[in-house]
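Written below as structure tokens is the structure these notes are about.
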Amino acid sequence: MYRFLLSRQWVILTLVALVLVPTMIELGFWQFHRHEHRVAQNALIADNLKAKPLPVEELTSPGHTVPRADYWRQVTATGTFDTAHEVVVRRRTSSDDQVGVHVLTPLVLRDGKVVLVNRGWIPAAADQHSFPQVPPAPKGEVTVTGRLQADETTGASGIKDLKGLPDRQVMLINSRQQAELIGREVLGGYLEQTAPEPAGGTPELIPGPDHDSIGPHMAYAVQWWLFAAGVPVGWVILVRREKRDREAGTASDASGSPEPDTTETQATASL
């Protein structure tokens, strides 16, 4: 009764099931690894935000690539803002998802080196070619506290680095690009300013990273594994149903076959 499993239809169905099971298991582990990465990142963010702020020169230098272990680390920088080389970073959103720009202002340190400071979000200009009205940076020497971030790249951020933009407008925050424009040594990475608070609340400071939510990845992993377990169970159910239907069909055929004509048989016997 199981010879039907050798039919073309059932061979294809079985092969599909054999492919689906390991694929779903692998997708489950992929989501599980994303869950682990999110948990580890949350722990890193929490630890770095709680750590005592360090002078920025202790964690980065010109040409330095900020490692993941130092992301969101609280740092301080003392110097003078260079508003002549201030730029805006296009297509950035505020805390309530309004599209605008980030204000990126070089801070010239006491030794002449520069660190880039993301002073926060402001609305974009009325048209994409105009430079927006940027709130003035504090004059004189100032100490800025902020979260250390790595240079943005297209590969890491997914943001396309468009060329031919209007003057003093960029797509990415990148210390190497700004070093070429400023003509000074620029420390690798940049600061997301958290203090001092800007006058009048503008630019709007960048909100801190979310390090409480773990996301849905673990739930997705469990779902994929349940799907993987359900495939062989479903296959067995279908096989049993097919076997039962075939047995019922065979029994129906047997019960529906015509009986011998006894009248004709008796007549023949009497002759």
Side-chain angles (χ1 to χ4, degrees), residues 26-49 56 59-75 77 85-95 97-107 113-121 124 128 146-194 205-211 213-218 220-221:
E26 183 63 27
L27 287 171
F29 278 109
W30 173 61
Q31 289 290 349
F32 178 70
H33 293 322
R34 294 187 69 186
H35 167 76
E36 288 185 318
H37 174 77
R38 183 65 177 268
V39 171
Q41 179 169 286
N42 286 350
L44 173 66
I45 294 173
D47 291 341
N48 284 354
L49 291 179
V56 67
L59 294 180
T60 185
S61 58
H64 178 72
T65 299
V66 178
R68 178 169 293 276
D70 288 337
Y71 288 7
W72 304 283
R73 184 65 187 268
Q74 296 272 57
V75 293
H85 293 99
E86 188 171 65
V87 299
V88 294
V89 189
R90 294 161 60 108
R91 299 180 185 175
R92 301 301 166 112
T93 55
S94 64
S95 57
D97 294 329
Q98 295 185 49
V99 179
V101 297
H102 283 175
V103 180
L104 189 66
T105 311
L107 183 71
K113 294 185 179 67
V114 170
V115 62
L116 301 176
V117 178
N118 184 345
R119 295 202 290 126
W121 180 92
Q128 295 188 4
R147 297 180 290 265
L148 183 62
Q149 297 288 359
D151 287 322
E152 294 180 345
T153 63
T154 296
S157 67
I159 301 172
K160 188 174 181 180
D161 191 13
L162 301 177
K163 304 300 181 183
L165 296 176
D167 189 37
R168 300 175 63 192
Q169 297 190 36
V170 298
M171 296 298 300
L172 299 170
I173 304 177
N174 188 283
S175 62
R176 291 176 175 82
Q177 290 181 358
Q178 293 305 307
E180 295 178 2
L181 297 174
I182 298 171
R184 288 176 178 264
E185 289 186 307
V186 179
L187 305 187
Y190 66 98
L191 271 64
E192 285 182 348
Q193 182 176 332
T194 58
L205 295 180
I206 309 300
D210 175 18
H211 58 283
S213 171
I214 60 173
H217 303 300
M218 190 62 191
Y220 290 159

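Since this is a predicted model, take the numbers as computed values, not measurements.
In plain terms, the two heavy atoms of Gly146 and Leu191 that are nearest each other are N-CD2, 4.3 Å. Looking at every heavy atom in both residues, Ala221 comes nearest to Gly28 through CB-O, 3.2 Å. Here the shortest heavy-atom pairing between Thr60 and Gly188 reads OG1-O, 2.8 Å. Here the shortest heavy-atom pairing between Leu44 and Trp72 reads CD2-CZ3, 4.3 Å. The two residues Val101 and Ala124 make their nearest non-hydrogen contact at CG1-CB, 4.2 Å. Between Leu172 and Ser157, the closest heavy-atom pair is CD2-OG, 3.6 Å.
Looking only at side-chain heavy atoms (C-beta outward), His217 and Phe32 stay at 4.5 Å or farther from each other. Leu181 has its side chain out of reach of His85: every pair of non-hydrogen atoms, C-beta onward, lies at least 4.5 Å apart. You'll find the side chain of Leu49 reaches within 4.5 Å of the side chain of His211, heavy atoms only. The closest side-chain heavy-atom distance from Val115 to Pro106 is not below 4.5 Å. No side-chain heavy atom of Leu59 sits under 4.5 Å from any side-chain heavy atom of Val66. Using a 4.5 Å heavy-atom cutoff, the side chains of Gln41 and Arg68 are in contact. For the pair Arg147/Gln74, a side-chain contact is recorded, criterion being any heavy-atom separation below 4.5 Å from C-beta on. For the pair Ser213 and Arg38, the minimum side-chain heavy-atom distance is below 4.5 Å.
Atom CZ of Arg176 and atom CD of Glu180 lie 10.0 Å apart (nearest 0.5 Å). Atom CG of Leu205 and atom OG of Ser94 lie 13.0 Å apart (nearest 0.5 Å). Atoms OG1 and CG, on Thr153 and Asn174 in that order, are 8.0 Å from each other to the nearest 0.5 Å. Interatomic distance, CG of Leu116 versus CD1 of Ile173, reported as 8.0 Å (0.5 Å rounding). Separation of atoms CG (Leu104) and CD (Gln193) is listed at 11.5 Å; rounding is to 0.5 Å. With values rounded to the nearest 0.5 angstrom, Met171 atom CE is found 6.5 Å from Ile159 atom CD1.
Remark: of the listed residues Glu192, Glu86, His102, Glu86 is the sole one forming a side-chain hydrogen bond (donor to acceptor under 3.5 Å, both in side chains) with Arg119.
For Gln128, the CD atom counts as loosely surrounded, since its 6.0 Å shell holds 12 or fewer non-hydrogen atoms of other residues, nucleotides or ligands. Within 6.0 Å of the CZ atom in Arg184, the count of heavy atoms belonging to other residues, nucleotides or ligands does not exceed 12. Within a 6.0 Å sphere centred on CZ of Arg168, heavy atoms belonging to other residues, nucleotides or ligands number more than 12. Atom OH of Tyr220 has 12 or fewer heavy atoms from other residues, nucleotides or ligands within 6.0 Å.
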Open item on the list: Pair Glu152, Arg92 - check salt bridge (charged side-chain N to carboxylate O under 4.0 Å, His left out), show working.
Closed with: CA-CA 13 Å; Glu152 294 180 345; Arg92 301 301 166 112; 2.8 Å; yes
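In terms of the salt bridge (charged side-chain N to carboxylate O under 4.0 Å, His left out) criterion, residue partners of Lys163 (sequence neighbours excluded) are, by chain and number, Asp161.
For Thr93 (side chain) and Val99 (main-chain N/O), no donor-acceptor pair under 3.5 Å exists by modelled atom type. Not one N or O on the side chain of Ser61 forms a donor-acceptor pair closer than 3.5 Å with the backbone of His64. Looking at Asp151, its side chain does come within 3.5 Å of a backbone N or O of Gly189 through a donor-acceptor pair.
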